[in-house]
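Right, one structure below, let's go through it.
Start at 1 and go down the list; that is how both ligands and their atoms are numbered. In this text the structure is predicted, and so the values were computed from the model without any measurement. Residues: numbered from 1 along the sequence shown.
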Amino acid sequence: MSQMVTLERRGDIDIVTIDNPPVNAFSHAVRASLMKVILAADASDSRSIVLRCAGRTYVAGADITEFGKPPKDPGLPELLDCIENCSKPVVAALHGTALGGGLESAIASHYRIATHDARLGFPEVLLGLLPGAGGTQRTPRLMGVESALNFIVTGKPISADAALASGLIDRIAEGDLLDAALAYAQELVDSNAAPRRASILPIEVEGLAEDFFEQARAAIGRKTRGLPAPQRIVDCIERATKVGFEQGSTFEREKFVELMNSSESAGLRHVFFAERQASKIEGIDRNTPLRPVNSVGIIGAGTMGGGIAMNFANAGIAVVLLELNQEALDRGIGICRKNYQRSAAKGRFTQEQVEQFMGRINGTTAYDDLAEVDLVIEAVFEDPQIKYDVFRKLDAVCKPGAILASNTSYQDIDAIAAVTSRPQDVLGMHFFSPANVMKLLEVVRGEKTADDVLATVMKLAKRIRKVAALSRVCYGFIGNRMLGGYFREAQMLLLEGATPSQVDSAMQSFGMAMGPLAVGDLAGLDVGYKARQALPDRPDHPATHIADQLVEMGRMGQKTGAGYYRYDPETRKRMDDPEVETMIRAEAERLGIEPRTISDEEIVARVIYPLINEGARILEEGIAQRASDIDIVYIYGYGFPAHRGGPMFYADTVGTKKVYDSICEFRDNLRSDDWQPAPLLEKLAADNGRFN
Ligand code: T1G
């Protein structure tokens, strides 16, 4: 019996322990060993079995690294049927995160006990999958149809208390889990309790509306924008109410395999590992000693500064928020409280938590109050001179070893570091608006940034619930640098005959949270206009003409009730505006651009391929460590659909050759300056290679 699964006897009870760090995933080796051990325990003269895990958590699911590879026996369904068919009571003892196939093994067991802080869930839908080892058939028999459906479709884990209340578990352990599980098993032995198999429990359909599943499909379809996995979950649970466990499980397996082979699941599985990979810095030892971060200073209490402050307060870190004057400070702190109150009103926080968080945010107008903080993040106006001035002051007051970071969206971090006597302690920490909501943190490595500073900030990102991705210094870093072509082509498509709503709806069907033109209206068209006006040598590109004219017509976007669209003053509903159409057609005529019918497919290619092409250049230049980091930047910072895996993974899905050929076509038929294929893309296309 391999060491991954061990068997130990205590009195009447066999203890089966799985030990496969870091999260006891159900790899093939674990499944094969567990099958042997369970059969041995069932055949022994023990009178009950306790199934548990060593380490920090009970099984957190099937081994995702094995997905997409040829399946190896025993499969998980077979193993779990073996557990359920044991002739003596099997008690599953749960701690940490019992997820996916792990939770399925618990509900295939006959009795379940969990620690108070255990979390239980079916995150498969977040991977574009469904619980494929009996989860959609056994869970409704334990929790009821409606609860099971909501539980599995959301993929959100629940607490042990909620699991107890829903019938998913039987007990919460007081004290040591193993002792409690052994006591529970002994109680079952002493009471001659029989194995209790969930698969034979009846499914309660009493009280379900006639069209319950139709309504569920429609509601879920709206929320999940037609993604397949949630729909298949509804199909499986509906099937469970109509046929027996065997047939239901066969149907579930078919749907599982179908989803496993879907591009959506491939994209979401890529994101799962890309997110974990992004936190690793090549060339820096994983055990680099980290600097302590127990207090943070933030310069500027505006929208960004306030949002950044909330992230640290939420994570239990003391914040010193600095503003030029008391009035601005009070306004900034007021916005933090308003945001917290809004979240509390939605039930995300209790009032007590709001007071705790606010209690950690202390305002000041004096730089001296930053003398002892471990990290300072500057979030002032995007003017290089103002930033240099701030960093000179920080260099003068902050203690040795304090980390000095800038939240700039595109300024030169090396130039900022150069005004200090400690460039090794300087880097970029680029948050995305709203900073207390957006998950992405673009960490910008300066030429002289020290390894321990980088390692500290990458680790800190997880503590403040951000997903960090590393960028070297260039104009706009990874995200904003790539964005130029995305918006350029959206504009050019308008001149060539597409309407704003056609462009935006094509991109929304592709999966973007919002189309490029609606994003422009939300952010405010004047922001880009001022940035363009400020550029010293501003090239005249037709792509900016429409946005410039809209601003000069006083149409700044949502904030003025009109931009590319008109907005209903009451409902803020977005509406096409013929006045914009007329302006665009006039400008196109002036530029000699003939309008034509443009397909949604061309719109997607025109708008997405510049991201891929610029991403390739960013990889060539070593600005990004790996293609999957670029994918993470776009998914968590720019609303790129996760089920497409990010722009670079999408290029792999479409095929680098097809992307390259299309870009060459656009170069030859549209504007050669804008459509020069990146050498890396050309090379990959030639070898039919992949970015990831
Ligand atoms: N398979 C393989 N590797 C896994 C894994 C898994 N299920 N879960 C985690 N890892 C690796 C991860 O890549 C990282 O590796 C290390 O473990 C630590 O993870 C049939 C089909 C459990 C909440 O979706 O949500 O069961 O980067 O950094 O923040 O129905 O990991 O160190 O090399 O995330 O403490 C369902 C996925 C699978 C759960 C811990 N289960 N995991 O979070 O650590 S599908 C899941 C998580 C399934 C069946 C179906 C989290 C965690 P490395 P980490 P963490």
In ligand 1, which numbered atoms sit nearer than 4.0 Å to a non-hydrogen atom of [X]?
X      : value
Phe256 : 21 (C)
Gly101 : 26 (O), 30 (O), 48 (C), 49 (C)
Phe273 : 13 (O)
Thr97  : 22 (C)
Glu104 : 20 (C), 30 (O), 49 (C)
Glu124 : 21 (C), 26 (O), 30 (O), 45 (S), 48 (C), 49 (C), 50 (C)

Record the part of [X] in heavy-atom contact with ligand 1 below 4.0 Å; permitted values are side chain, backbone, both and neither.
X      : answer
Ile64  : both
Asp63  : both
Leu127 : side chain

On a heavy-atom basis, I'd like to know which of Arg286, Arg276, Glu66 is closest to atom 32 (O) of ligand 1.
Arg286

Return the option from Gly121, Gly75, Ala62 holding the heavy atom at the smallest distance from atom 7 (N) of ligand 1.
Ala62

Taking atom types as modelled, find out whether Asn311 and Asn436 have a side-chain donor-acceptor pair closer than 3.5 angstrom.
no

In the protein, what heavy atom is nearest to [atom], and what distance, to one decimal place, separates them?
atom                    : value
atom 18 (C) of ligand 1 : Arg56 NH2, 3.5 Å
atom 4 (C) of ligand 1  : Val23 CG2, 4.0 Å
atom 17 (O) of ligand 1 : Pro22 CG, 3.3 Å
atom 29 (O) of ligand 1 : Lys462 NZ, 3.0 Å
atom 22 (C) of ligand 1 : Ala60 CB, 3.6 Å

Check for me whether the distance between the ring centres of [X] and [Y] falls short of 6.0 Å.
X      : Y      : result
Phe272 : His270 : no
Phe312 : Phe357 : no
Tyr634 : Phe649 : no

Can you tell whether the side chains of [X] and [Y] come within less than 4.0 Å, N to carboxylate O?
X      : Y      : value
Asp170 : Arg196 : yes
Arg138 : Asp81  : yes
Glu252 : Lys255 : no
Arg217 : Glu238 : yes
Glu66  : Arg31  : yes

Please confirm whether [X] approaches ligand 1 to less than 4.0 Å, judged on its heavy atoms.
X      : value
Phe122 : no
Lys280 : yes
Phe26  : no
Pro131 : yes
Gln277 : no

Okay, side chain of Arg348, backbone of Ser343: is any donor-acceptor separation there less than 3.5 Å?
no

Report yes or no: does Ser105 contribute a side-chain atom to a donor-acceptor pair with the main-chain N or O of Gly102 at less than 3.5 Å?
yes

Considering both backbone and side-chain atoms of [X], is one of its nitrogen or oxygen atoms within less than 3.5 Å of a nitrogen or oxygen in ligand 1?
X      : answer
Pro123 : no
Ala133 : no
Gly61  : no

Would you call the rings of His430 and Phe432 parallel, tilted or perpendicular, taking 30° and 60° as the class edges?
tilted

Take atom NZ of Lys242 as the centre, draw a 6.0 Å sphere, and report whether it contains more than 12 heavy atoms from other residues, nucleotides or ligands.
yes

Residues, nucleotides or ligands: over 12 heavy atoms within 6.0 Å of Arg465 CZ
no

Please report the C-alpha distance between Glu282 and Arg626 in whole Å, then the side-chain angles of each, then the deciding distance to 0.1 Å, and finally whether the salt bridge (charged side-chain N to carboxylate O under 4.0 Å, His left out) criterion is met.
CA-CA 10 Å; Glu282 281 157 14; Arg626 51 185 86 89; 3.5 Å; yes

Would you say atom 43 (O) of ligand 1 makes contact with the protein, given that contact here means a non-hydrogen protein atom less than 4.0 Å away?
no

